[in-house]
Every structure is written in structure tokens, then in C-alpha cells.
S.K.: 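Got a structure here, written out as C-alpha cells. Questions coming.
Just so you know, these numbers use all the heavy atoms, side chains as well, and skip hydrogens, waters and symmetry mates.
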Amino acid sequence: MRWWDVEPVLELERELFPDDAWSRGLFWSELAHARGPSATRRYVVAEENGRIVGYGGLSAVDGTGDIQTIAAAREHWGTGLGARLLADLLSGATAFECHEVLLEVRVDNARAQRLYERFGFEPIGLRRGYYQPGNVDAVVMRRSQTADGAAAVPDLAAHDARHAHDAAAAVAAPAAHDTGPAADDPAADIPAADEQGTTHDG
């Protein structure tokens, strides 16, 4: 994600999360920590035909990564875009030498929880009334990075074979660009639950 991406990302953010969308200032603040040798953030966007259709962000402090946000345009739900964004952020966590990655997800968003579980996240706690307005609880999930630091990715090919009915609706993988220390390495396509991260979700 670059500075010129902030406005189209904001437009998508407000469409997906009208009640608790991030502000322009918050995105700018996050991007300020995503460049240079002391970077502690990685933010990526996915584009299709010149339009941003997804984005995600990761913070990394003292060996712990935190999925700050991850979201995709509604027309890309079920295409695997959320999974590719998540895989990219986990690659960023590896580059930051994180030993664990945390996230929050709405307690009523079972589809997103299943996606995170496929990537090795496990529930470790509950935050009461975390999502406002609405007073919805958040499940806190944790993923341990593998011993060599690599971000293990699930068997996407096998998963796709079990979900062949989604192939007809799938679109070509959007191009991605980022800020942060790791090169883009999106995972193969799987049906995804596209989820907003630690501050809000849909």
C-alpha cells in the first residue's frame, strides 16, 4: 500500500464497515511505520483492472505480529482473495521474524474463523464487547510461526478440489503491491471469509 492508495482504500473501508471504518488519519499513521529499516508495519492492496479490491495490514512488535485489518470487496468474497491477503501478511510476519501472530475476529463470524483455522490460528481468549457499536464479542486467535520462521500455508490445492463449485465464480487473482519488508507472495486461491481484523470486522 502506498500513500496514493489511501483514498480508494478508504472508499472500500467505508462501504464494508460503515459503522466503524478506520479514519484517513489512522491509515496514514499506520503507513508512516511501514517504510525504512525500522518499519514495524506491512500493508498490502490487491488490484483488479486498476481498482483496489482488497487490502490488509500487519503490525510487528518484539516478535509478535498482529493482523490489524484484512478485507475484500463484496464481489470477491468466496474467491480466495482473503486467503491470499492473509498468506501475504503471514509472509510479512516471517520477514519481521515474528514467533507468533495474533488477531481478533467477531464471535459470530464462523466463516472467517474457519479460514484462520486453516492457516493454523487457534482461539486463545474472548474480548467482551470488543466491536462497537453493536457490543459484539471478539475471539482472540493465535498462530505460532514454524520453527524456521516460515509461514506455513494450508494445502490450498486439496482445498480447491473439495470446493470446485466455487471455480465458476472465481476471478483471476488481482495484482498486489505492498509496503513492508517482504516481497509479495500470494497463496493460491481458496474460498475465503474476508474479515476485518483487530479493530473491526464485517
Side-chain angles (χ1 to χ4, degrees), residues 1-2 5-18 21-22 27 30 34 41-58 65-94 101 103-106 109-121 141 143 151-180 182-202:
M1 187 184 293
R2 300 289 192 264
D5 295 320
V6 170
E7 290 305 315
V9 165
L10 270 175
E11 182 178 345
L12 184 55
E13 171 85 1
R14 290 165 181 164
E15 174 187 337
L16 294 171
F17 312 105
W22 278 20
F27 276 109
E30 288 292 293
R41 303 291 192 275
R42 175 174 174 77
Y43 275 78
V44 298
V45 297
E47 289 185 338
E48 184 179 59
N49 298 324
R51 172 177 170 259
I52 289 178
V53 294
Y55 56 91
L58 169 86
D66 199 319
I67 303 294
Q68 298 286 81
T69 183
I70 183 167
R74 295 183 191 279
E75 65 268 24
H76 286 270
W77 290 3
T79 68
L81 177 56
R84 292 194 301 276
L85 289 167
L86 180 57
D88 190 279
L89 295 178
L90 291 176
S91 294
T94 298
V101 180
L103 59 80
E104 285 86 12
V105 56
R106 289 174 63 106
N109 196 334
R111 197 166 65 117
Q113 292 174 42
R114 288 193 297 270
L115 169 66
Y116 298 143
E117 288 168 356
R118 290 199 298 272
F119 277 79
F121 284 89
M141 302 185 77
R143 178 189 191 277
V153 175
D155 185 352
L156 301 177
H159 187 277
D160 281 344
R162 293 195 301 270
H163 291 79
H165 62 276
D166 287 312
V171 297
H177 56 277
D178 74 287
T179 59
D184 289 319
D185 184 21
D189 202 15
I190 67 173
D194 300 303
E195 174 68 29
Q196 193 79 355
T198 59
T199 57
H200 57 267
D201 67 23

S.K.: Taking all non-hydrogen atoms of both residues, which atom of Pro8 and which atom of Ile52 are closest, and how far apart?
M.R.: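 Between these two residues, the closest heavy atoms are CG-CD1, 3.8 Å.
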S.K.: Name all residues meeting the salt bridge (Lys or Arg N to Asp or Glu O under 4.0 Å) criterion together with Arg51; count only those two or more places apart in sequence or in a different chain, and write none if there are none.
M.R.: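 Arg51 satisfies salt bridge (Lys or Arg N to Asp or Glu O under 4.0 Å) with Glu75 once adjacent residues are dropped.
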S.K.: Could you tell me which non-hydrogen atom of Ala93 sits nearest to which non-hydrogen atom of Leu58, and how far apart they are?
M.R.: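 Minimum heavy-atom contact is N-CD2, 3.4 Å.
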S.K.: If the condition is salt bridge (Lys or Arg N to Asp or Glu O under 4.0 Å), which residues does Glu7 pass it with, not counting sequence neighbours?
M.R.: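 Result, salt bridge (Lys or Arg N to Asp or Glu O under 4.0 Å) vs Glu7: Arg24.
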S.K.: Measuring from atom CE of Met1 to atom CD of Glu30, what distance do you get when rounded to the nearest 0.5 angstrom?
M.R.: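 One finds 9.5 Å between CE of Met1 and CD of Glu30.
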S.K.: How many angstroms lie between CG in Leu16 and CD in Glu11, if you round to the nearest 0.5 Å?
M.R.: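 Leu16 atom CG to Glu11 atom CD measures 10.5 Å (nearest 0.5 Å).
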S.K.: Using a 6.0 Å cut-off, check whether atom CD of Glu117 has over 12 heavy atoms from anything other than its own residue.
M.R.: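 Count over threshold, so yes.
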S.K.: Which atom names give the shortest non-hydrogen contact between Asp5 and Val45, and what distance separates them?
M.R.: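 Nearest heavy atoms, Asp5 then Val45: OD2-CG2, 3.9 Å.
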S.K.: Quick check for you: to the nearest 0.5 Å, what is the distance between Phe119 atom CZ and Leu103 atom CG?
M.R.: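 Here the rounded value is 11.5 Å.
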S.K.: Give me the atom names and distance for the closest heavy-atom approach of Leu85 to Val44.
M.R.: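 In this case the closest contact between Leu85 and Val44 is CD2-CG2, 3.8 Å.
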S.K.: Could you label the plane-to-plane angle of the Tyr55 and Phe27 rings as parallel, tilted or perpendicular, counting under 30° as parallel and over 60° as perpendicular?
M.R.: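 It falls in the perpendicular class, over 60°.
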S.K.: Taking the side chain from Trp77 and the backbone from Ala72, do they hold a donor-acceptor pair closer than 3.5 Å?
M.R.: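 Between the backbone of Ala72 and the side chain of Trp77 there is a qualifying donor-acceptor contact (under 3.5 Å).
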S.K.: Please evaluate residues Val6 and Tyr43 with respect to the criterion side-chain contact (heavy atoms from CB on, under 4.5 Å), reporting the C-alpha separation (whole Å), side-chain torsions for both, the decisive distance (0.1 Å), and the verdict.
M.R.: CA-CA 11 Å; Val6 170; Tyr43 275 78; over 6 Å; no
S.K.: Using modelled atom types only, decide if a donor and an acceptor are shared between the side chain of Glu13 and the backbone of Ala21 within a distance under 3.5 Å.
M.R.: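 Judged by distance alone, no pair lies under 3.5 Å.
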S.K.: Within this structure, what is the OH-CZ distance for the pair Tyr116 and Arg143, rounded to the nearest 0.5 Å?
M.R.: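 That separation rounds to 13.0 Å.
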S.K.: If you compare all heavy atoms of Asp88 against all heavy atoms of Arg42, which two are closest, and at what distance to 0.1 Å?
M.R.: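 For Asp88 and Arg42, the tightest heavy-atom pair comes out as OD1-NH2, 2.6 Å.
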S.K.: When rounded to the nearest 0.5 angstrom, what is the spacing between CD in Glu104 and CD in Gln68?
M.R.: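 The CD atom of Glu104 sits 8.5 Å away from the CD atom of Gln68.
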S.K.: Search all heavy atoms of Gly78 against all heavy atoms of Arg111 and return the closest pair with its distance.
M.R.: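 In terms of heavy atoms, the two residues are closest at N-NH1, 4.3 Å.
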S.K.: Measure the CG-CG distance between Leu115 and Asn109 for me, rounded to the nearest 0.5 Å.
M.R.: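 Taking CG in Leu115 and CG in Asn109, the distance rounds to 9.5 Å.
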